[in-house]
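Start at 1 and go down the list; that is how both ligands and their atoms are numbered. Below, each value reflects all heavy atoms present in this structure, side chains not excepted, and no hydrogens, waters or symmetry copies.
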Amino acid sequence: MPEPITPESLTSASLAPESLAPEAISTGPLAFPADFLWGAATSAYQIEGAVREDGRTPSIWDTFSHTPGRTEGGDTGDVAVEHYHRYRDDVALMADLGLTSYRFSVAWTRVQPTGRGPAVQRGLDFYRRLVDELLDRGITPSLTLYHWDLPQELENAGGWPERDTAYRFAEYAGIVGAALGDRVQLWTTLNEPWCSAFLGYGSGVHAPGRTDPAAALRAAHHLNLAHGLGASALRAAMPKRNRVGVSLNSSVIRAVSESAEDLDAVRRIDNLANGVFHGPLLHGAYPAGLFEQTARVTDWGHVQEGDLRAIHQPLDFLGLNYYTPALVSAAPSAPAGPRADGHGASDHSPWPGAGDIAFHQTPGERTEMGWTIDPGGLHELIMRYAREVPGLPLYVTENGAAYDDKPDPDGTVHDPERIAYLHAHLAAVHRAVADGADVRGYYLWSLMDNFEWAYGYGKRFGAVYVDYETQARTPKSSARWYAGVAATGELGEFQG
Ligand code: IFM
């Protein structure tokens, strides 16, 4: 039986000294398990471009990015980094860097332009060609079915707040599973459903840009249902050896003080950030207190008999995406308006029913996103799940940093800050493995610079620099450094 989530387990984790002292992480030559996957991750809308080719139709992100004022500079994914046409060269680059796995997502509207009905063969063929190219080069494909690009037609029909969207997702999952299950073994249903639900329907900083807290909570439940139904559809369509999981952007939530009010704020935000997904997915139940704390927003009447059973499918692995922790306190008279929660500027909160909780900037150095660098949080997160679901293999499916990278006059791109970031976070992963966590791989976000959603092309997360004028790819010094780690399976002393 997994350990239940209790307020005590939460608060002791949130206040663990390790989380406050990232510098305590050791930096010797650290050997990772022999079969550890060294990967990089991307997603379809962020890199593919070719948005009108081979039968693809608009997703919510096409509509959103083309709506004035929604993205920095009006940037869109129309061209992105042309991966749809350059995928062979991109895979060659991955091979050159010695990556042993590549995590990518499928664009739903390339496969089902209206989000329902028969598949478009040309769309599936693109992913088959990509996967074959990876396999030819000995790179393990890790496929994500949904990384935020809902078919616009399904949004027109109500989107994730509508139950039918979960059934549509299951149909799509079955189609892709049947088409690629013979060659892809690692399958992820959803990427960061928190962002889809709470940034998409709560604060509105992500597509489809709605600002309705009740819709956000309905969306969260239907995303959970989509995961469960999708996992079942995948398993019915694919060989048994394949492994099915989900990637959550589970958050490390800390309190500014140990007062009962601040610890209660941690508990409530933890329910909304983590428990609303991992409760049903990992334990078959919503966490204690969630319904009460959101009672003014919804009566949860959209949760139907049998849903939790359908959602609670066996998982073969859990993907953890980690960037930075959150710091909260009780604030009975918190002013309305943008919060320091790192999720973009909006007057609407992505945290339903939590208007009396304040978010604070966590202390320490930050990346270009304004996100505090805290590798101790990654260790903390991994250990939380290692304890909560013992025996469940874990992958770090995203971790990385944006910096204002610029080529030197000779064309090389040096990004020592990213090397330091990756080094510290890989050391944290190693420490978790040494502490008994079953971490099977690490995916750097991102393989190459790309469309960073509402921030457009202004934020560069890539290990590979992309010149957006010419589409030339140049591995940054961090890419070469990461290649060295992947080649040896060892993390050396940090050479700052
Ligand atoms: O670029 C995103 C990605 O699509 C999902 N996880 C966080 C990344 C950085 O913001």
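Short contacts between ligand 1 and Q46, defined as distances under 4.0 Å to a heavy atom of the residue, involve ligand atoms 1 (O), 3 (C), 4 (O). Of all atoms in ligand 1, listed by their number and element, those nearer than 4.0 Å to a heavy atom of W371 are 10 (O).
A side-chain donor from one of R103 and N191 sits under 3.5 Å from a side-chain acceptor of the other. Looking only at atom types and distance, the side chain of D78 has a donor-acceptor partner in the side chain of H66 under 3.5 Å away.
A salt bridge (Lys or Arg N to Asp or Glu O under 4.0 Å) check over residues 203-217, counting only residues at least two apart or in different chains, returns the pairs E155-R210.
Considering backbone and side-chain N/O atoms, S43 never comes within less than 3.5 Å of an N/O atom of ligand 1. Taking distance alone, with nitrogen or oxygen atoms compared against 3.5 Å, N191 stays at or beyond that limit from ligand 1.
No cation-pi contact links R56 to F126, judged by a cut-off of 6.0 Å to the six-membered ring centre and 45° from its axis.
The aromatic rings of Y323 and F461 stand perpendicular to each other, their planes meeting at an angle above 60°, with 30° marking the opposite boundary.
Taking both residues in full, the closest heavy atoms of K406 and V413 are given as O-CG1, 4.0 Å, listed atom of the first, atom of the second, then distance.
The protein non-hydrogen atom at the shortest distance from atom 9 (C) of ligand 1 is E452 OE2, 3.4 Å. Summary of contacts: the protein heavy atom closest to atom 6 (N) of ligand 1 is E398 OE1, 2.5 Å. What sits closest to atom 8 (C) of ligand 1 on the protein, heavy atoms only, is Y323 OH, 3.5 Å.
Under the 4.0 angstrom criterion for non-hydrogen atoms, Y455 is not in contact with ligand 1. Within the structure, the closest approach of H147 to ligand 1 falls below 4.0 Å when heavy atoms are considered.
Scored by the side-chain contact (heavy atoms from CB on, under 4.5 Å) test, D89 finds no partners at all (sequence neighbours excluded).
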